[in-house]
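Beneath this line is the structure, given in structure tokens, with notes to follow.
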Number of protein chains: 2
Amino acid sequence: MADVAKEAGVSHQTVSRVLNEHPNVRSETRARVMEAIDKLGYRRNLVARALVTKHSRTLGVVSFDTTLYGPASTVYGIEQAARAAGYFVSIVSLKSIDRAGVRDALDYLADQGVDGIVVVAPQRSAAQALADLPFDKPTVAVEGGEAGEVSVVCVDQYEGGRQATGHLLDLGHETVWHIRGPSDWLEAEGRVAGWRSVLEQAGRPAPEPLAGDWSPRSGYEAGRSLASMKDVTAVFVANDQMALGVLRAFTERGVRVPEQVSVVGFDDIPESEFFSPPLTTIRQDFGAVGRHSIEVLLRQIEGQGSHERERLVVPPVVVRRASTARR
Amino acid sequence: MADVAKEAGVSHQTVSRVLNEHPNVRSETRARVMEAIDKLGYRRNLVARALVTKHSRTLGVVSFDTTLYGPASTVYGIEQAARAAGYFVSIVSLKSIDRAGVRDALDYLADQGVDGIVVVAPQRSAAQALADLPFDKPTVAVEGGEAGEVSVVCVDQYEGGRQATGHLLDLGHETVWHIRGPSDWLEAEGRVAGWRSVLEQAGRPAPEPLAGDWSPRSGYEAGRSLASMKDVTAVFVANDQMALGVLRAFTERGVRVPEQVSVVGFDDIPESEFFSPPLTTIRQDFGAVGRHSIEVLLRQIEGQGSHERERLVVPPVVVRRASTARR
DNA sequence: CTCACTTCTGTTAGCGTTAACATTCGCAGT
DNA sequence: ACTGCGAATGTTAACGCTAACAGAAGTGAG
């Protein structure tokens, strides 16, 4: 910076002013400085800048298993939105979901001097940890449930569960079976609740949900159980990967979809359209969730004073394909 | 830090020494300092530290579409390995793959003061851009082809193509059709080359490869073409997603897999095992690729002097399932 | 008891930037 | 020409840390 100042024949502070688009710089001076910057190939040191301004223009993201389509898409949306707003994104992917893990991740990011944090916290324990932790940095939880003081952006899982179940009842099915996600996951809970509420509202019996862990294998195993029962005509599976396992199990047992049993998934992963048969599912707009979470976070960072907690809900939509049919 | 020093009755420099595990500190003094740190809840400011040491302990990652399973898994492996080594990870996901995009991403990360960069550069254009760019920071390319001066970590795509094709010939197929990935992708090229070499070596005719873009839809369309041809008995599809589309197309046309046609995919995504039929495929260990790329990068960062360019190749393995059968 | 030498601790300076205040410049109004 | 005032620029002092050197305390030998 000193070199640039010398080259342009001004003080280093004037260079700083040009860089920060301060209004009180004569345009001729500005031009001379810009020229010197170009000539010397100068780039300002953001670390020094962060030291004095207390703002790093970096956001932290805490996530769990970014290998899955949902989290990966959400994180992608977050990164794109953050960069568009001129922020860097620092990521921490956790393996375990305990309180200590979340605490460590937050501390780690706080140490690095991030300006705010997005926690993709789909498990109850993560949301809980987040709610308990006294944390002074702006924070947004994605799928964070009733996360205490922090703002939340999420997809309306309950509504998704209702749509899936409602779609199947509309097709004339007497009742709908459910293969649920792990009980620690808020998303799994929301879908179960939506499913149950529609059945109750329609006065239909609600069979005991089968347990899954989101993996195709767990869907496969649940599917085998269902295949050996006779009065099953409709199944709402809590995600598309498990639905794939279910389809596989049904195929093996000679159960025809959708002729004998209708199946609805959740997520609308890119593969779903090409399952056999193409899967009717509930689409979640992960990209929108990511973008919204950054919007909420930046609002919190930039409008310092107002700490009002926001809650933004993204609606899911039914995507009708060939795995569901009229009874 | 000054507060801690006062609390412990020492100078700030002694506190710094304790924090940096300098050997020449009396253990009694060290204990007193640690106690003061605990009591005051002091955490050192990494930004100030980075300013003076010139090391941010942050690594940059440039990637393309982290929504896909491969890149997502690789980035996950990178993040885990980096954090285990005490480094932060800053991510930039590019949409476009042109030279300017890569240049911007590298500049962006360089500005932020990262100590090194991993570029997940599966496209020829990205690898090219990387090779051309004069860049002084330690850099590693993942799947970067013959990327000029930079070190490369990759899966042996050529060998994978050979294994897939060899497996099908071993089963007695006269020849093997191929649905390839986009021509800009190095991985696609490697697989094509491996496939072709085995056919040539065996003196078999090599049919013109069908073009795909990695998406299930493109696989579906190529599959429809193949279904209408009569002498197709074996297909090597360049990734599992396209293979899913192929299976779908075959199912629709009444072509039975593996009875009439054998299909081999590539990647071994978690879903493959539950396709109908379960897919024989070539497994890539993305996690290992991520880990290795960090190892290579850290070696370059820490052993400053030696700029020897490394090239680390991870072997793929065949995973036999039900989509291939003896002819 | 002093000297040389090691081990530990303190003092000073500086990393590259921005904030705050000080100064200079130019121009309008009297 | 002189005052006053805002716009443009310069000067100085941080930000929180580590490096380099300086000084104090302890240790063993002559």
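Here the structure is a predicted model, which means the values were calculated and not measured. Every chain is numbered from 1, with letters handed out A, B, ... down the list of sequences.
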Starting from [atom2] on [N], measure out to [atom1] on [X] and report it in whole angstrom.
{"X": "B:His12", "N": "C:dT11", "atom1": "NE2", "atom2": "P", "result": "8 Å"}
{"X": "B:Gln112", "N": "C:dG16", "atom1": "CD", "atom2": "C1'", "result": "17 Å"}
{"X": "A:Met1", "N": "C:dG16", "atom1": "CE", "atom2": "C1'", "result": "8 Å"}
{"X": "A:Asn20", "N": "C:dA19", "atom1": "CG", "atom2": "P", "result": "7 Å"}

Supply the atom-to-atom distance [X] [atom1] to [Y] [atom2], rounded to the nearest 0.5 angstrom.
{"X": "B:Asn20", "Y": "B:Gln13", "atom1": "CG", "atom2": "CD", "answer": "8.5 Å"}
{"X": "A:Arg124", "Y": "A:Glu189", "atom1": "CZ", "atom2": "CD", "answer": "5.0 Å"}
{"X": "B:Glu295", "Y": "B:Ser151", "atom1": "CD", "atom2": "OG", "answer": "12.5 Å"}
{"X": "B:Ile294", "Y": "B:Arg83", "atom1": "CD1", "atom2": "CZ", "answer": "12.0 Å"}
{"X": "B:Leu59", "Y": "B:Ile117", "atom1": "CG", "atom2": "CD1", "answer": "9.5 Å"}
{"X": "B:Leu51", "Y": "A:Leu46", "atom1": "CG", "atom2": "CG", "answer": "11.5 Å"}

Check your understanding: Can you list every ring pair (Phe, Tyr, Trp, His ring centres under 6.0 Å) pair that touches residues 95-132 of chain B, not counting sequence neighbours?
Key -> A:Phe88-B:Tyr108

Review point. Tell me, which pairs form a ring pair (Phe, Tyr, Trp, His ring centres under 6.0 Å) where one or both residues lie in residues 4-28 of chain A, sequence neighbours left out?
Key: none

Exercise for review: Test B:Val18 against every option in B:Val25, B:Val10, B:Val4 by the side chain to side chain contact (heavy atoms under 4.5 Å, CB included) rule and name the one that passes.
Suggested key: B:Val25

Check your understanding: Near DNA chain D, under 4.0 Å by heavy atom, which residues of residues 25-43 of chain A?
Key -> A:Val25, A:Arg26, A:Thr29

**Study point:** Residues within residues 44-52 of chain A bordering DNA chain D, heavy-atom distance below 4.0 Å
**Key:** A:Leu51, A:Val52

Check: residues 68-78 of chain B side-chain donor-acceptor pairs under 3.5 Å, at least two apart:
unit_1: B:Ser73; atom_1: OG; unit_2: B:Tyr69; atom_2: O; d: 2.8
unit_1: B:Thr74; atom_1: OG1; unit_2: B:Gly70; atom_2: O; d: 2.9

Review point. Are OP1 or OP2 of C:dT18 and a side-chain N or O of A:Lys54 less than 4.0 angstrom apart?
Key: no

Check your understanding: Quick one: is B:Thr14 getting a side-chain N or O under 4.0 Å of the C:dG10 phosphate, OP1 or OP2?
Key -> yes

Check your understanding: Got a sec, which residues hit side chain to side chain donor-acceptor pair (under 3.5 Å) with A:Glu28, two or more places apart in sequence or on another chain?
Key -> A:Arg26

Exercise for review: Only counting residues at least two apart or in another chain, list the ones meeting side chain to side chain donor-acceptor pair (under 3.5 Å) with A:Ser125.
Suggested key: A:Asp184

Exercise for review: Heavy atoms of chain B, cut-off under 4.0 Å: which first and last nucleotide of DNA chain D, 5' to 3', fall inside that, if you could look?
Suggested key: D:dG16 to D:dA20

Exercise for review: Apply salt bridge (charged side-chain N to carboxylate O under 4.0 Å, His left out) to A:Glu310 and list each qualifying residue two or more places apart in sequence or on a separate chain.
Suggested key: A:Arg299

Provide a list of protein-nucleic acid N or O atom pairs under 3.5 angstrom, restricted to nucleotides 20-24 of chain C.
unit_1: C:dA20; atom_1: N6; unit_2: A:Gln13; atom_2: NE2; d: 3.1

**Study point:** Whether A:Ser56 side chain and A:Gly113 backbone form a donor-acceptor pair below 3.5 Å
**Key:** yes

Practice item. Give me the bend of the helix from C:dC1-D:dG30 to C:dT30-D:dA1, using the axes of the five pairs at each end, rounded to 10°. Key: 50°

Would you be so kind as to tabulate the donor-acceptor pairs closer than 3.5 Å made by side chains of residues 31-42 of chain A, with sequence neighbours excluded?
unit_1: A:Arg32; atom_1: NE; unit_2: A:Ala8; atom_2: O; d: 3.0
unit_1: A:Arg32; atom_1: NH2; unit_2: A:Ala8; atom_2: O; d: 3.4
unit_1: A:Lys39; atom_1: NZ; unit_2: A:Glu7; atom_2: OE2; d: 2.8

Point to revise | Test: A:Asp107 and B:Arg43 ion pair at under 4.0 Å | key: yes

